[in-house]
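Each remark here refers to the structure printed beneath this line.
All of these numbers come straight from a predicted model, not from anything done at the bench.
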Amino acid sequence: MEIISDPKLFQDQALAERARGRVTALVPTMGFLHEGHASLIRWAAANADTVYVSVFVNPTQFGPGEDLEAYPRDPERDVALAEACGARAVFMPDPGAIYAPDHCTWVEVPPLARHLCGASRPVHFRGVATVVSILLHLALPHVAVFGRKDWQQLAVLKRMARDLHLPCRIEGRPIVREADGLALSSRNVYLGPAERAQAPELHAGLLHAGALARAGQRDAAALKAAIAAHYAEHVPAGEVDYIEIVDPENVQPVATLEGPALAAVAVRLGRARLIDNELLHP
């Protein structure tokens with residue numbers, strides 16, 4: 001298992017793999033890997049000849065007062081898990097190797113980054129799009145693999161790749177959950193016992209909205225109200241950041257369900273800010 005920290009060395013190796021005609025895949029992560037990441041790496045290994053995993057806590061996607069310094073890290077375990085799931089190499093650079101001191105180039109997709117997480121984290125998706133663009137230019141993969149838990153991120157990156165004509169497919173894979181429904185996240189380690197007991201109700205509230213939609217409820221305001229009522233009763237320790245119903249492709253709010261729509265939520269539970277989503281089918 002190779003650990004690479006030098007971007008130029010990483011790019012040279014990736015260029016050599018493509019020149020040999022091998023199909024390559026990249027799984028970008030911020031580390032502290034869990035079974036959700038493992039599922040992405042295993043899918044990549046089953047669909048590509050060579051799999052790279054990047055482990056980089058990207059400073060530019062954190063806003064003031066967010067958990068950049070506290071973000072959980074375990075690089076040795078990350079390398080072991082990546083290897084066990086079929087990765088060939090882990091790219092683990094220092095921030096100074098990715099961003100020069102006078103770095104001033106940014107990638108933005110404003111319409112898709114305006115709502116949901118972008119409303120309360122205004123610099124987040126600029127940082128995400130920029131670092132993923134850098135990683136794609138270094139790894140030159142045929143496919144880059146992301147989880148659908150970060151649905152808005154996935155939509156932003158798909159639009160970025162399309163608009164910039166990048167020779168890479170952005171693949172979204174299903175959310176991996178605990179047995180009680182909680183979506184896996186590196187930040188779940190922030191949850192105390194009482195908060196962890198309430199956390200599965202985020203998904204339960206979304207499932208409740210899905211049942212209402214299937215029963216004929218098409219009014220987005222009514223569906224949002226139903227989710228909010230569920231959280232008020234079952235997640236009393238939670239502080240809702242947003243509850244929204246949006247178009248799955250352009251991430252814009254909808255008033256009425258004319259077809260599949262995405263119910264997306266963000267709730268703060270103690271130190272953790274948890275996000276989740278569910279496709280609603282009227």
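No continuous path of ILVMFWY side-chain contacts below 4.5 Å connects Val240 to Leu223, so the two sit in separate hydrophobic clusters. Under a hydrophobic clustering in which Ile, Leu, Val, Met, Phe, Trp and Tyr are joined whenever their side-chain heavy atoms come within less than 4.5 Å, directly or via other members, Phe125 and Phe146 fall into the same cluster. Residues Val51 and Phe91 do not share a hydrophobic cluster, clusters being chains of Ile/Leu/Val/Met/Phe/Trp/Tyr side chains in contact below 4.5 Å. Both Ile3 and Val55 are part of a single hydrophobic cluster, where members link through side-chain heavy atoms under 4.5 Å apart. Hydrophobic clustering (ILVMFWY, side-chain heavy atoms < 4.5 Å, transitive): Leu274 and Val176 are in distinct clusters.
A donor-acceptor pair under 3.5 Å is absent between the side-chain atoms of Glu244 and the main chain of Val265, judged by distance alone. Of the possible donor and acceptor atoms, none in the side chain of Asp241 sits under 3.5 Å from a partner among the backbone N and O of Ala266. Panel note: side chain Tyr52, backbone Val27; no donor-acceptor pair is recorded below 3.5 Å. A distance-only check finds no donor-acceptor pair linking the side chain of Glu233 to the backbone of His230 [under 3.5 Å]. Put simply, the side chain of Asn58 never gets that close to the backbone of Val131: no donor and acceptor are under 3.5 Å apart. For Asp150 (side chain) and Gln153 (main-chain N/O), no donor-acceptor pair under 3.5 Å exists by modelled atom type. For the pair Asp74 (side chain) and Phe32 (backbone), a donor-acceptor distance under 3.5 Å is absent. In this structure, the side chain of Asn277 engages the main chain of Arg148 through a donor-acceptor pair within 3.5 Å.
With no hydrogens or angles considered, no side-chain donor-acceptor pair links Thr24 and Glu17 at under 3.5 Å. Remark: the Thr256 side chain and the Arg218 side chain contain no N/O donor-acceptor pair separated by less than 3.5 Å. Under the 3.5 Å distance criterion, with hydrogens and angles disregarded, a donor-acceptor pair is assigned to the side chains of Tyr99 and Thr60. Between the side chains of His234 and Gln198, no donor-acceptor pair of N or O atoms lies under 3.5 Å.
Heavy-atom neighbours of His103 NE2 from other residues, nucleotides or ligands within 6.0 Å: above the threshold of 12. At most 12 heavy atoms of other shown residues, nucleotides or ligands fall within 6.0 angstrom of atom CD in Glu249.
For the pair Arg271 and Tyr190, the cation-pi test (distance below 6.0 Å, angle within 45°) is passed.
For Glu66, the salt bridge (charged side-chain N to carboxylate O under 4.0 Å, His left out) criterion is met by Arg121, not counting sequence neighbours. Here Gln252 pairs with His115, Asn250 under the side chain to side chain contact (heavy atoms under 4.5 Å, CB included) rule; sequence neighbours left out.
A side-chain hydrogen bond (donor to acceptor under 3.5 Å, both in side chains) with Asp276 holds for exactly one of His203, Arg177, Lys149; it is Arg177.
Minimum interatomic distance between Gly31 and Ser186 (heavy atoms only, all atoms of both residues): O-OG, 3.5 Å.
Taking the charged nitrogens against the carboxylate oxygens, Glu108 and Arg126 have no contact shorter than 4.0 Å, which rules out a salt bridge.
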For this session: Apply salt bridge (charged side-chain N to carboxylate O under 4.0 Å, His left out) to Asp49 and Arg18, showing your working.
Result: CA-CA 10 Å; Asp49 301 313; Arg18 279 195 81 126; over 6 Å; no
For this session: Please assess Leu269 against Val235 for the test side-chain contact (heavy atoms from CB on, under 4.5 Å), listing each intermediate value before the final yes or no.
Result: CA-CA 9 Å; Leu269 266 174; Val235 196; 4.1 Å; yes
Exercise. Between Asp67 and Arg187, does a salt bridge (charged side-chain N to carboxylate O under 4.0 Å, His left out) hold up when you go through it step by step?
Worked result: CA-CA 10 Å; Asp67 60 340; Arg187 288 184 169 99; 2.9 Å; yes
